[in-house]
Every structure is written in C-alpha cells, then in structure tokens.
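No experiment lies behind these values; they were computed from the predicted model shown. For the single chain, residues carry numbers from 1 onward in sequence order. Just the heavy atoms: all of them, side chains too, but no hydrogens, waters or symmetry mates, feed the values below.
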Amino acid sequence: MKYIIEHMEEGFSEWVILEYSQIIRDIGKENLILTSLPANTTEADIPQQLRDLGLQWTTKECVDIIRAENNGTINKDQVCLLDPAAETDLLPLDKSEFTYFVFGGILGQHPRIDRTGILRAKYGFAGRRLGALQMTTDTAVRTTQRIIERGQKFEDIKFLDYPEIKYNKYESTEMPFRYIVNEQGEPILPEGMLELIKHDADQSIDDLLIGD
C-alpha cells in the first residue's frame, strides 16, 4: 500500500513536521510520499527532522507519481481519496480494490476547509470517508492503516472526540479533532505534540496548525 499526501500548504509548521514525522514512523518511509510541493522547493526547504527520517517528496502531483509507477498510465479505480465529503466509509474489503490512498494533507485544518474537493473535482478518484468528524492527518493515516492493513472495522476502532489536553492543574485546551486512543484511553498524538501544545499554550490551535 502507498500513502500519498498532497501537501497543499506553503512551508512546514511545527505541527505539520510532527505529524509527518509520526506518519513515517508508523507506516515506513518507503510507503509515504509527499506530493505537490511548490515548484521551487529544494532539499534545503525540507525540515531537517523530515530529511533525517527519509521523507520522500516531490513537486509533482499525486497523479504523476502514480503514472510513473504504472508505465505511464493511471487506473483511477486503484486510487482511493480519503474524502470527508464521501458518502461511503472505508472498509477492510477495500484492501483488494485500492493500491494508493491519497490524503489532502489538510485534514487537520480547523475549521475544515474542503480542499480535498480540489482533488475530487480534478481527478475523479473514488472517495471513502473516515467517519463524520474531523481528524488530524496522522490520525487519518493511522485509521486507514488499521482498516486496510489490519482488517479492523471502523466501528471497532476506539476514538476520543475533542479531547481536553491539560497543561497543569488549572489550564487545559480542547482539541477540535477525533483521535484514536491507546490502551490507557489516551489520545494518540505525534511524538512531541503534547510538548508543542503546552509550550505554545497562549496560541490558538489555528496558529499552531498554520505556523508562522
């Protein structure tokens, strides 16, 4: 299985760096490719943390990468667009149908902006939904991996919606996303994310997502 994230943003916020880093750890650098970076992007523009983890990236669009891997042709039926606006949820049996899973790269945007609609309209890929609530990008990839690679049904995955992250005895913030939980019932966050949220407690979630 190949996981493709259409970056669709200028630069890399600290939030995005942590999310992409965790995705690489979860699925392996060989299974992830970041596409559609700005045309003038060079290796020096890629954050060192992502370079150290072996991030694959390109300024080409996802469709170009898929064509290159399939002798210049593209079978749209092999491509699944993880689309919040899709009418059908992703199922374990979809493993036999799809080879590529494409993410808009902005699933963590809050409030949600339908940029995935750009991919939907431009390519006409088959869409699958991961429930009704907004997820961060790493949670969306993690959920997809569990359904497709582990055969776990969506309804059997344990989630926590809008968790409250506490900084100390008196301060906390509500995260406006759905997260998979660990065995302790705690939301699974990328390594370093809790520290980032606590460190920048005076910033809004939107500020953290977008960065400088």
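Taking the six-membered ring for Trp and the full ring otherwise, the centers of His7 and Phe103 sit at least 6.0 Å from each other.
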Take Leu18 and Leu196, measure what side chain to side chain contact (heavy atoms under 4.5 Å, CB included) needs, and give me the verdict at the end.
CA-CA 9 Å; Leu18 293 180; Leu196 174 64; 3.9 Å; yes
Give the C-alpha distance, both sets of side-chain angles, the deciding distance and a yes or no for side chain to side chain contact (heavy atoms under 4.5 Å, CB included) between Val141 and Glu19.
CA-CA 10 Å; Val141 173; Glu19 284 198 347; over 6 Å; no
Derivation of the side chain to side chain contact (heavy atoms under 4.5 Å, CB included) call for Ile5 and Tyr20
CA-CA 9 Å; Ile5 298 177; Tyr20 289 174; 3.8 Å; yes
Go through the steps for Thr35 and Glu6 under the test side chain to side chain contact (heavy atoms under 4.5 Å, CB included), then give the verdict.
CA-CA 5 Å; Thr35 59; Glu6 289 261 296; 2.5 Å; yes
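Residue pairs that meet the salt bridge (Lys or Arg N to Asp or Glu O under 4.0 Å) test with at least one member in residues 141-165, sequence neighbours left out, are Asp26-Arg142, Asp138-Arg142, Asp161-Arg178. Within the structure, salt bridge (Lys or Arg N to Asp or Glu O under 4.0 Å) contacts touching residues 50-66 (residues at least two apart or in different chains) are Glu61-Lys122, Asp64-Arg67.
Minimum heavy-atom separation, Tyr162 to Leu133: OH-CD2, 3.5 Å. The nearest pair of heavy atoms linking Gly185 to Leu160 is O-CD2, 4.3 Å. When all heavy atoms of Ile27 and Tyr3 are compared, the pair lying nearest together is CD1-CD1, 3.6 Å. The two residues Ala86 and Gly127 make their nearest non-hydrogen contact at CB-C, 3.6 Å. In plain terms, the two heavy atoms of Asp89 and Gly131 that are nearest each other are OD1-N, 3.5 Å.
Atoms CG and CG, from Leu50 and Leu34 in turn, are 8.0 Å apart once rounded to the nearest 0.5 Å. Within the model, atoms CD1 of Ile188 and OG1 of Thr143 stand 9.0 Å from one another, a figure rounded to the nearest 0.5 Å. Taking CD1 of Ile66 as the reference point, atom NZ of Lys76 lies at 10.5 Å (rounded to 0.5 Å). Rounded to the nearest 0.5 angstrom, Leu82 CG and Phe98 CZ are separated by 9.5 Å. With rounding to the nearest 0.5 Å, the separation of CD1 in Ile180 from CG in Leu189 is 11.5 Å. Here CD1 of Ile147 is found 4.5 Å from CG of Leu90. Values are rounded to the nearest 0.5 Å.
Under the 3.5 Å distance criterion, the side-chain polar atoms of Gln134 are left unmatched by any main-chain donor or acceptor of Pro176. A distance-only check finds no donor-acceptor pair linking the side chain of Asn70 to the backbone of Ile74 [under 3.5 Å].
Donor-acceptor pairing under 3.5 Å is recorded for the side chains of Thr42 and Asp45. Inspection of the Asn75 and Tyr100 side chains reveals no N or O donor paired with an N or O acceptor under 3.5 Å.
Side-chain atoms of Ile24 and Ser21, non-hydrogen and from C-beta on, never get closer than 4.5 Å to each other. Side-chain atoms of Met135 and Leu130, non-hydrogen and from C-beta on, do get closer than 4.5 Å to each other. By the 4.5 Å heavy-atom criterion applied to side chains, Ser36 and Trp57 are not counted as neighbours. Met1 has its side chain within reach of Ile148: a pair of non-hydrogen atoms, C-beta onward, lies under 4.5 Å apart. Taking 4.5 Å as the limit, some side-chain heavy atom of Tyr179 sits within range of a side-chain heavy atom of Pro163. By the 4.5 Å heavy-atom criterion applied to side chains, Glu97 and Gln78 are not counted as neighbours. Contact annotation: the side chain of Ile197 approaches that of Thr173 to within less than 4.5 Å [non-hydrogen atoms, C-beta and beyond].
Ile165 and Met193 end up in the same hydrophobic cluster when Ile, Leu, Val, Met, Phe, Trp and Tyr side chains are linked at under 4.5 Å. Residue Leu194 is grouped with residue Trp15 when hydrophobic side chains (ILVMFWY) are merged at heavy-atom distances under 4.5 angstrom, including chains of intermediate members.
The pair Arg128-Asp94 meets the salt-bridge criterion, with a side-chain N (NZ, NE, NH1 or NH2) lying under 4.0 Å from an Asp/Glu carboxylate O.
Between Phe159 and Phe154, the angle of the ring planes lies from 30° to 60°, which puts this pair in the tilted group.
With a 6.0 Å radius and a threshold of 12 heavy atoms from other residues, nucleotides or ligands, Gln184 has its CD atom above the threshold. The environment of CD in Glu87 is sparse: at most 12 heavy-atom neighbours from other residues, nucleotides or ligands sit within 6.0 Å.
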